[in-house]
Amino acid sequence: MSEETMPKSYEAAAVERRWYEEWERRGYFRGNPGSGKKPYVIVIPPPNVTGMLTLGHVLNNTLQDILVRFEKMRGRETCWVPGTDHAGIATQAKVEQMLKERENVSRHGLGREKFLERVWEWKEKYGGTIVRQLRHLGVACDWERERFTLDPTLSAAVQEVFIRLYRKGLIYKGHRIINWCPKSGTALSDEEVIFKEQRGKLWHFRYPFADGSGFVTVATTRPETMLGDTAVAVNPEDARYAGLVGKKLLLPIVGREIPLIADDYVDRSFGTGAVKVTPAHDPNDYEMGLRHGLPMVNVMEDDGSMGAAAGAEFQGLDRYVCRKAVVRRLEELGLLAKVEEHLHQVGFSERGDVPVEPRLSEQWFVKMRPLAEPALAAVNDGRIRFHPERWVKTYNHWMANIKDWCISRQLWWGHRIPAYYCQGEGCREIVVAKHAPAVCPKCGGNTFKQDEDVLDTWFSSWLWPFSVFGWTGDPATDRANPELARFYPTHTLVTGPDIIFFWVARMIMAGLEFMGDVPFQDVYFTSIIRDEKGRKLSKSLNNSPDPLEVMAQYGTDALRFTIIYIAPVGQDIRYANEKCEIGRNFATKLWNVARFRLRFGTLSPEWRTLAGLAAQDLRPDDRWIIARLDAAVAGATAALDRFDFHEYSHDIYEFVWSEFCDWYLESAKAALHGPDAALQARTLRVFDHCLGTILRVMHPLMPFLTEEVWHQFGFAGESDSIMLAPWPEALGAAELERLGATPAAAALVREKFELITAIRNVRASYRVAPQAKVGVVLVPADEPRGRFLREDLRSFQVLAAAEPVEIRADYQAAGPRAVAVGAAGTAYIPLAGLIDTAGEVEKLKKQAADLAKYSQGIEGKLGNANFVARAPAAVVEAEKAKLAEAESQLARVREQLASFG
RNA sequence: GGGCAAUUAGCUCAGUUGGUUAGAGCGCUACCUUGACAUGGUAGAGGUCACAGGUUCGAGUCCUGUAUUGCCCACCA
């Protein structure tokens, strides 16, 4: 391809599809446990199988892809395991809704088996959406290892873990107050409850004493639960109720006699100081119920409607309808004392988005404390590192206060609990095993019924880092499994901080418990993406862009680059589609570097290294870009090593645009357009070396564009790929010295560029047309700078559009002229007939004032005996050097002022 | 009620263990379609680093407090 056939801007769509298929076809994504190379492994946070790609996924997976591609180029055996999560509630709800809409059947109408068949059908048909979408993002996932949490091997792992924990006494079945979601009809874990502030009411009711001696007034936010009250409690030290404790009250409407009890839990200062006690519907009341041996009356059904225990009058009513009815009845009875507005936190079901009902229920639990302790240690002794580190505190706090985990769900879609109940007459034996036993060990019966419930989805997710590699729990089998041996522990986990409790903490526990080792070494917590106004992205606000549309509009690499580039360090991201212009423009910029390069023929054969080139072969600007390139490579590598993706993207952007394109490429034109073929060849070699390095350093971030350009130039043979190219290494001080690319040499070039900018400023202020050449007389600041400026005068001429340029140490200015004074020297621009002498004087005066102020500041510092005595010598020396430089420049500015008279 | 963040240019954000005259992108101003790129170039304007104290030779950076905003956790009915 030539410059003529290369379009002016990068056309992403075709390139992306072609390269992704090619990479996958060539097996570049495959992780081979037998390669002998040091592995680098990531397991994807499995998205819900029902999911669609969101910007959150884009960020999360781009980060993982950067790490995998980076480590692959560094020679590691990379393996990134993708997959999806069966997402119990979400998936079941989705299919139920579909069946309702299309066929008007409920899951109960179909029956368990038929319903599950339909869910699987649905999963096969639509479940692959997010996986297909992820490919568009260019991710280097090993698709041959794609896993699903309900795959047979993963399900076997779940069973194995359940059985083991049960035998160890860490899983038990018990009656507890749990969070009930009336919408999905299942228990939830504490983590699945989201508290939202709600404007509610606080009702004050009078409960009469059974002996007719007056009332106790109680306050409640949930009147409907009074139907299940079995006591009223006051604080034992509350003088208002002294002597009344132990008396009986008559529960209104219901007519049940309930005791007035004393319990420390009650806060005297809240409400009336008397609390109605409903042990079956409130966790605190439940505790009190246990302490005082109270009956527990459950007045609600699974769907949140009132049950038989609520009484005939209310049975069948929805809980909120019942609330109104109860209030009305109490009002009629003259027992409603007061109604207050009340702001309080109400727990909502994460998935169902309805208020959860705390409810007494028999469920399966995991005893977490014993699992938490080693997991807490692993993070605090540094075996696992969090980035940013501050999340350790959040983790520690949760782990220190961990509660038992309710793992049973009253759903059908999921891993069915491997517990079997003996159906023998009067026998209550429970057998936890992979299969029902032939004979009951207790009664000898042979009929068993499996538990109807399934497990929390996270009960499979927490095993993900080893279940994906085929863990069985059988030591011999697992030892013989090379994947488990080579790929566990994994290395980096990239996920959102919102699932520290759901997932990260539990994976650490499971890894330590079942593998005897941490599941990963580093955890990188991503930012949360918000819209421009800082609002969370959500369907209801309609502020959630479709990444596929964005990719189609701007290009995948543009989206990838942009989202990393704009992500602040450890903070939320404010995203808007238009920001993708940053990435698109950058892609175009790089594309046009390639077009420029194509004007000068094919790739230099020796582009890979600078070996054989010596300092004297190179122009000063070559030496400068080599030094800058080296710093950029070192910076990018270090940034990725510490997961500083922000710095990585900004370093590359800055280097490519502001240094390589703005200065070096323009400077190279001076050599490339000239008649000296040897000079041209040397310059192209440096140029190609830079380009080849830039492409490789950028590849993890912009895989498609870099691969395309890599091939257009023949950086790789026909069958090769930038994915297999080695990550560039910094040259090191000795090699830089040899090439003359030292900091001192680079500083001289920078000074030159600064002087050129000053000259351009003069040109702009006098409205000199960009193409117009102006003559310049250059008086170097000193002899060494004079020699340096003479070294490559052509570059100066081209960059400043100055011709002729005379370098004269002895020049005495006279007559009207514009002046630019810089560290490198003083530039005189005659500009006959245009000069505004007053303006020049004004400009110089301002410059003199600035320099004087600057010098004074430094002099003040150096005049301070404490500074000289206490500051490090290097700092003092640097200040002295700065002062000398400023004073020399100031002297030259004053000289100019004087000569202007 | 606890905890964690944040507060730097009009906007969104950088700013390594305290040490150049505090930077970038977008936006803004002027000029420019010059043979890589107008998805561009050149030059420029724009900030008492939230506030008040303190430590230090030296503070955007460390400490204390205050204010504002956001998030997480928490059994006050």
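Every chain is numbered from 1, with letters handed out A, B, ... down the list of sequences. Just so it is clear, the model here is predicted, and its values are computed rather than measured.
Each of A:R390 and A:L851 lies near RNA chain B, and the nucleotide nearest A:R390 is the one positioned closer to the 5' end.
Between A:F586 and A:W657, the ring planes are parallel. Angles under 30° get that label, and only those over 60° would be called perpendicular.
In summary, A:R240 and A:D238 engage in a salt bridge, as defined by a charged side-chain N under 4.0 Å from a carboxylate O. Salt bridge status for A:R597 with A:D688: present, with a side-chain N to carboxylate O gap under 4.0 Å.
A 3.5 Å limit on both hydrogen-bonding distances identifies no Watson-Crick or G-U partner for B:C76. Pair check for B:C51 finds B:G65; Watson-Crick or G-U wobble, both atom distances under 3.5 Å. Pairing of B:G18, defined by two Watson-Crick or G-U wobble distances under 3.5 Å, is not identified with any nucleotide. In this structure B:G58 sits in no base pair that meets the Watson-Crick or G-U test at under 3.5 Å. Look at B:G70: its Watson-Crick or wobble partner, with both distances under 3.5 angstrom, is B:C4. Across the strands present, B:G27 finds no partner; the criterion is a Watson-Crick or G-U wobble pair with both atom distances under 3.5 angstrom. Pairing partner, B:A38: none, since no Watson-Crick or wobble contact has both distances short of 3.5 Å.
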- Message: Protein within reach of the bases, or only the backbone? For nucleotides 70-77 of chain B, mark each nucleotide 5' to 3' as B, S or -, using heavy atoms under 4.0 Å.
- Response: -S-SBBBB
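Remark: P of B:G40 and CZ of A:R595 are 14 Å apart, rounded to the nearest angstrom.
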